Amino acid sequence: MTAGPATMSRRSARRTAPAVDVDLYGRQALVDPHPVYRRIRDAGPLVWLPRHRVWAMGRFDDVRNALRDDATFRSGRGVAANPVANLLGRKTVLSSDDDTHATRRRILMQSLMSRAIRPSLPLLRDEAEATVTRLLHRESFDGIADFATRLPISAVADLVGVRVGHDQLLTWGASTFDILGPVNRRTLDATATALGLYLYSMRLRRSQVTPDGWAATVFDAADRGEITRSEARTMVIDFVAPSLDTTILATGQLLWSLGRDPQLYAQLRAEPDLIPTAVVEAVRMASPVRGFTRTVARDTEIGGVRLPAGERVVLLYAAANFDERHFDRPEMFSLHRRGSNLGWGHGMHTCVGMQLSKLEMQTLLEVMIARVSTIEVSDPQPLTNNCLQGLASFQARFT
C-alpha cells in the first residue's frame, strides 16, 4: 500500500531534522537531566526523539514562541506523551483551547486571582510561622517533607475544599503528573493511583465539598450553565493536582539554593526587597514541570524543519530555563536576574496558580529572614517522575 501525503510529509520531516537518541524519560535523564537538555538544545531548535517518536524543543526563544502561538501548538488533544492520559484529561483547563479554555480558566481564576487569595494571607502567615518555629527547635529536618510541603498541605489543601486526607492529595498529585509521560514503567505504576483521582472527581457532588472552598466555585459555574456538571467535576483536578507538587518542588529548590550559598541568604536578609526576585529565580532553577506536549494544528516551519500538522512536540520548559543563549550563567542562582522564565509556563496556558505559589513562597521567606540566621543543607535525593523534577528529599538545619 502506498503511503499517503501526510505520512510521507512526516517521514520527510523526521529524515531531515536533527535526531537526538536519548531516553528523555529514563532514570538517568530524570536524576541528572541537564546533560540531556543540553544535547537537545545544541542539536537544534526542533529535534526528533526516535526512542519516543516525538518532537522536542529545548531552546528558550523557541519554546516561548510556541507557547505564544496557541493557534498552531494546541492543547485540546492533551498535553501528555501517551493517549490514555490525554483522554482522561480532556475536560481539564490544561487540555483545552480557545473559548473552552478561556471559560474554564476564568472560572478557576475566580478563586486564584490576587484579590481572591488575599484574604488567605493570615492563614498562610500563621502556618509559615508555625513551620519555621517548629523546625528551629529541631536538630535537623527534611527540606521537602518538613518544610516545603507544610504550607501547601496545611493551608492550600484546605482552601480547595475537598474532604480528602492530605497524604492522599499528595499521592494523587504526583501520580497524575507521572502518567503524563510515555507508556513506561513509571506511567504504568502510577496509572491506578491517577485513575483513583479521576474516579473520585467523577463521583464528586456538591455536598462533598465545603461550601466556601474553591471546588464549590466550579459547581457554582455549572449551576449557572457556564460549564457542564461533568466539566465541573473534572476541573477539580485542576485544583488538586497542580496546587501542591509544583509549589512544593519550587519551595524545596529555594531552601536548597539558599542553604548552598550562605552569602546569598545573608544578602536576602539584608535586602528583603529581593524576596520576589528570589522566588522567581527559584522557580526557574527548579522548573518543577519538565514540559508538556502540544499537537501541531497546521504545517509550520521551525529552524528549517517543515513540521506537518498532527505531530506532537514536547515543549521542555526545564531545558529552556537553562538555555545559555538566553540566560547568563543559567546554572547559578542570582538575586539580580531580570526578566521572566518559563517555570510557570507562558501564554494563554500560564499556570493559573502562579500568584498563589508566589504568595506562599514569599510568605515563607519573610518569616525565615526574620527568624532564621543560617541555613545548612545536605544529602539531596532527586525525584523520579515523568513530568515533575526536583528534589524528593534533603537534610536541612536552621539556626
Side-chain angles (χ1 to χ4, degrees), residues 31 120-160 164-175 177-178 193 240-262 264-266 268-269 275 278-279 281-283 285-288 333 343 353 356-385 388-399:
V31 171
S120 303
L121 265 173
L123 175 66
L124 296 178
R125 181 163 290 278
D126 287 348
E127 183 56 41
E129 291 274 7
T131 297
V132 172
T133 299
R134 181 170 57 250
L135 298 180
L136 273 167
H137 288 89
R138 293 177 56 173
E139 182 64 28
S140 66
F141 58 89
D142 189 302
I144 299 297
D146 299 323
F147 176 78
T149 301
R150 298 308 303 172
L151 196 56
I153 276 295
S154 298
V156 177
D158 291 337
L159 292 172
V160 174
V164 177
H166 294 165
D167 290 343
Q168 181 65 73
L169 290 175
L170 284 173
T171 302
W172 274 346
S175 297
F177 279 106
D178 229 350
T193 303
V240 172
S243 64
L244 298 176
D245 295 89
T246 53
T247 301
I248 289 169
L249 292 170
T251 304
Q253 179 66 56
L254 178 63
L255 182 64
W256 175 259
S257 296
L258 294 177
R260 292 279 289 176
D261 190 340
L264 199 68
Y265 184 58
L268 195 60
R269 296 191 74 202
I275 284 177
V279 167
E281 179 71 344
V283 171
M285 293 285 291
S287 295
F333 189 108
L356 176 64
S357 179
K358 286 182 178 180
L359 188 60
E360 290 179 66
M361 296 170 71
Q362 288 174 10
T363 302
L364 273 171
L365 265 186
E366 289 167 3
V367 173
M368 281 174 56
I369 64 173
R371 303 281 306 280
V372 177
S373 299
T374 63
I375 305 168
E376 299 172 11
V377 294
S378 63
D379 303 320
Q381 302 297 320
L383 179 71
T384 53
N385 185 287
L388 297 173
Q389 70 173 22
L391 294 173
S393 172
F394 63 90
Q395 289 300 297
R397 182 172 182 265
F398 286 160
T399 62

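This one's a predicted model, so the numbers in the text were calculated from it and none came from an experiment. When reading the values below, keep in mind they use all heavy atoms of this one structure, side chains included, and skip hydrogens, waters and symmetry mates.
Between the side chain of Gln389 and the main chain of Ala286, a donor-acceptor pair closer than 3.5 Å is present. No donor-acceptor pair closer than 3.5 Å links the side chain of Ser357 to the backbone N or O of Gly353.
Residue Val31 comes nearest to Pro382 through the heavy atom pair CG1-CG, 3.7 Å, listed as atom of the first residue, atom of the second, then distance. The two residues Gly252 and Ala148 make their nearest non-hydrogen contact at N-CB, 3.6 Å. Of all the heavy atoms in Gly390 and Leu249, the pair that sits closest is CA-CD2, 4.2 Å. Listed here is the closest heavy atom pair of Leu264 and Ser257: CD2-O, 4.1 Å.
Tyr265 pairs by the ring-ring contact (aromatic ring centres under 6.0 Å, His included) definition with nothing, not counting sequence neighbours. With sequence neighbours left out, the salt bridge (charged side-chain N to carboxylate O under 4.0 Å, His left out) criterion links Arg397 to Glu139, Glu376.
From Ser120, atom OG reaches atom CG of Asp126 across 11.5 Å, with rounding to the nearest 0.5 Å. Within the model, atoms OG1 of Thr247 and CG of Leu151 stand 9.0 Å from one another, a figure rounded to the nearest 0.5 Å. Here the CG atom belonging to Asp379 is positioned 9.5 Å from the OG atom belonging to Ser140, to the nearest 0.5 angstrom. Considering CG of Leu169 and CD1 of Ile153, their distance stands at 6.0 Å, rounded to 0.5 Å.
Each of Thr246, Leu244, Leu159, Asp245 was compared with Pro152 under the side chain to side chain contact (heavy atoms under 4.5 Å, CB included) criterion, and only Leu244 meets it. Residue Trp256 forms a side chain to side chain contact (heavy atoms under 4.5 Å, CB included) with just one option from Ile375, Ile144, Val377, Thr251, and that option is Val377.
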Could you list the donor-acceptor pairs under 3.5 angstrom formed between side-chain atoms of residues 359-374 and any protein atom two or more places apart in sequence or on another chain?
| unit_1 | atom_1 | unit_2 | atom_2 | d |
| --- | --- | --- | --- | --- |
| Thr363 | OG1 | Leu359 | O | 2.7 |
| Glu366 | OE1 | Arg125 | NH2 | 2.4 |
| Arg371 | NH1 | Glu129 | OE1 | 3.3 |
| Arg371 | NH1 | Thr133 | OG1 | 3.1 |
| Arg371 | NH2 | Thr133 | OG1 | 3.2 |
| Thr374 | OG1 | Thr399 | OG1 | 2.2 |

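Within the structure, salt bridge (charged side-chain N to carboxylate O under 4.0 Å, His left out) pairs that include any residue of residues 146-155 comprise Arg138-Asp146 (at least two apart or interchain). Applying the salt bridge (charged side-chain N to carboxylate O under 4.0 Å, His left out) test to residues at least two apart or on different chains, none of the pairs has a partner in residues 249-262. The list of salt bridge (charged side-chain N to carboxylate O under 4.0 Å, His left out) pairs with a residue in residues 246-258, not counting sequence neighbours, is empty.
Using a 4.5 Å heavy-atom cutoff, the side chains of Phe394 and Asp142 are not in contact. Put simply, the side chain of Leu255 reaches to within 4.5 Å of the side chain of Phe398, judged on heavy atoms. Looking at Thr193 and Asp178, their side chains never come closer than 4.5 Å, going by heavy atoms from C-beta outward.
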